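What you see is a predicted model, and the numbers here were worked out from it, not measured in a lab. Note that ligands are numbered from 1 as they come in the structure, with each ligand's atoms numbered from 1 the same way. Below, all heavy atoms of this structure are taken into account, side chains as well, without hydrogens, waters or symmetry copies.
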Amino acid sequence: MSSTITLTPDKTVQGLLGDPRVERAFQFFEMHVAEITEDHIRLCSIPAPPFGEAARAAYLAERFREHGLSEAGIDEEGNCVALRRGGTLSPLLVVSAHLDTVFPAGTDFSVRREQHRLLAPGIADDGCGLAALIALLRAIESCAIETVGSLLFVGTVGEEGEGNLRGARHLLTGGRWANSVDAFISLDGPGVERITHAALGSRRYRLRLRGAGGHSWGDFGVANPVHALGRAIARLASYPAPLEPRTTFNVGRIEGGASVNVIPREASMDVDLRSVSAGELQRLDAFFRRAAREAADDENSQRRVGDPPLELDLKLIGDRPSGETPPDSPIVRMAEEATRSLGYNPRLDRSSTDSNVAISLGIPAITIGAGGSSGNSHTLDEWYDARGRDIGLKRALLVMLGMVGIK
Ligand SMILES: [Zn+2]
C-alpha cells in the first residue's frame, strides 16, 4: 500500500470528502433509501440456515452481476465472490458480510414491516451487511469511481456457531484468493461507531461418554457416563479463570440418560471456552481436556471388577483464533478518521467475527457496522431500523476507498 495512504489517514479521508464522485456516492445512499431497503428485504427473505446458504449466495451473485461484476460466482466452500478490478490487483481489499443466520432450516424467514422496523430472523445479523455490499457496489458503479487497488466483494458462509468461520477460512487460506488479500473488512450488524479490531478467540467441544449401561440396583458399579460428566463439569467449574485477560467457560448443553432407575449408556455436553488472550485460551483448553480425561478415569477406577470402562470421545466443534489488528494500523486509523469525519465517535471493540480468521493470518482486518439500529439479535423477533443507514454506508465507503485509493 502506498505510504501516503498508510501514513496520513486523516488527509486521505479529507481528500475523499472533497472528491465530487464521493459526494455523488453519498447522495446515492441518501436518494436510494427505499430501494436499498427493498434489496435488504429480498435478500433476507431467502432462507440461509447454517450449511444451507446456497440460495442466498446465488441471489447475491446475481445482484453483483447485474451491477457490473460480470465474473461474480460461488467458490468451492459456497462463498459468493466478486472482484471489482482497479488499476492493479493489489492492494486487494475484501469487503464482506456473512450470508448465514443462526436459525435452522424450516424457520420462517419472511420479512414483516412495523412502522420503521423490519422484522425477520437475521434481518440485522447480517442482513444489513449484505444489503450494504449491494448498496456500496451500486454507488461506486453509478458514480464511476475507479480505484487504484481492487475490491473483492464477498458474502461468506458459515460465520455463525458451528459454521466456525468456514467461509472466511476458505477464502483466505484455501481458495483462489488465498495469499493475495491485503486487508479485510467485515460489515456485520448495524451501527456507525464500533470498530472491531480485536478477535475474541474461542474453542468449542462436544464431550461424549459411553458405557455399558444397566439397572440402577442390579448393575450398580457399572461405570456411569452421567456421573463422569458431572465430575468433568465440577472440575471445569473450579477453573480459576482470570478476569484480565478476560477468560470464560460455559457448559451450554448436557444430555444423557433414559430413566431414573437406569444406568445411562451415554452422556454428552457442549462446552464453550473463550479468552481474549491466545495463551490463556490454550491454558484453559489444556485444563478442560485433562479434566475430561481424568473425570472418565476417576469413574472407571471405581467401577465393578470385570465391567468395561467408559469410552470418551472429545470432538472439537469450533475453533476461532484470537489476536488483534493493532490500533495504530492504517485500516483501524482510517476507520476512526472516517467515523469522526461523519460526526461520530469511533469505539474500538473486540468480538468474534469473520475478521478473526484474517487477524490470525496477520491480515489487517476490522469488522464494522453497516448503519441503522437493531435489537433482539439471534432471536426470531430480531428487528432492524434503517434510519441512519446512510451514515454506515458512507463510513464504509470512505474506509474502502481510503484503503485501495481512487484514481
Ligand atoms: Zn453476524
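- Pairs passing the salt bridge (Lys or Arg N to Asp or Glu O under 4.0 Å) check and including a residue from residues 72-82, sequence neighbours excluded, read E77-R166.
- Between E23 and R21, no side-chain nitrogen of the basic residue sits less than 4.0 Å from a carboxylate oxygen of the acidic one, so the salt-bridge criterion is not met.
- For a distance threshold of 2.8 Å, the protein N, O or S atoms nearer than that to the Zn ion (ligand 1), listed by chain and number, are H98 NE2, D125 OD1, D188 OD1, D188 OD2.
- A salt bridge does not link E337 to R395: none of the charged side-chain nitrogens sits closer than 4.0 Å to a carboxylate oxygen.
- A salt bridge between E71 and R65 is absent, with no side-chain N of the basic residue lying under 4.0 Å from a carboxylate O of the acidic one.
- Y205 meets the ring pair (Phe, Tyr, Trp, His ring centres under 6.0 Å) test with F288; sequence neighbours excluded.
- The salt bridge (Lys or Arg N to Asp or Glu O under 4.0 Å) analysis of residues 256-279, with sequence neighbours excluded, yields the pairs R204-D272, R206-D270, R208-E266, R210-E266, R253-D270, D272-R274.
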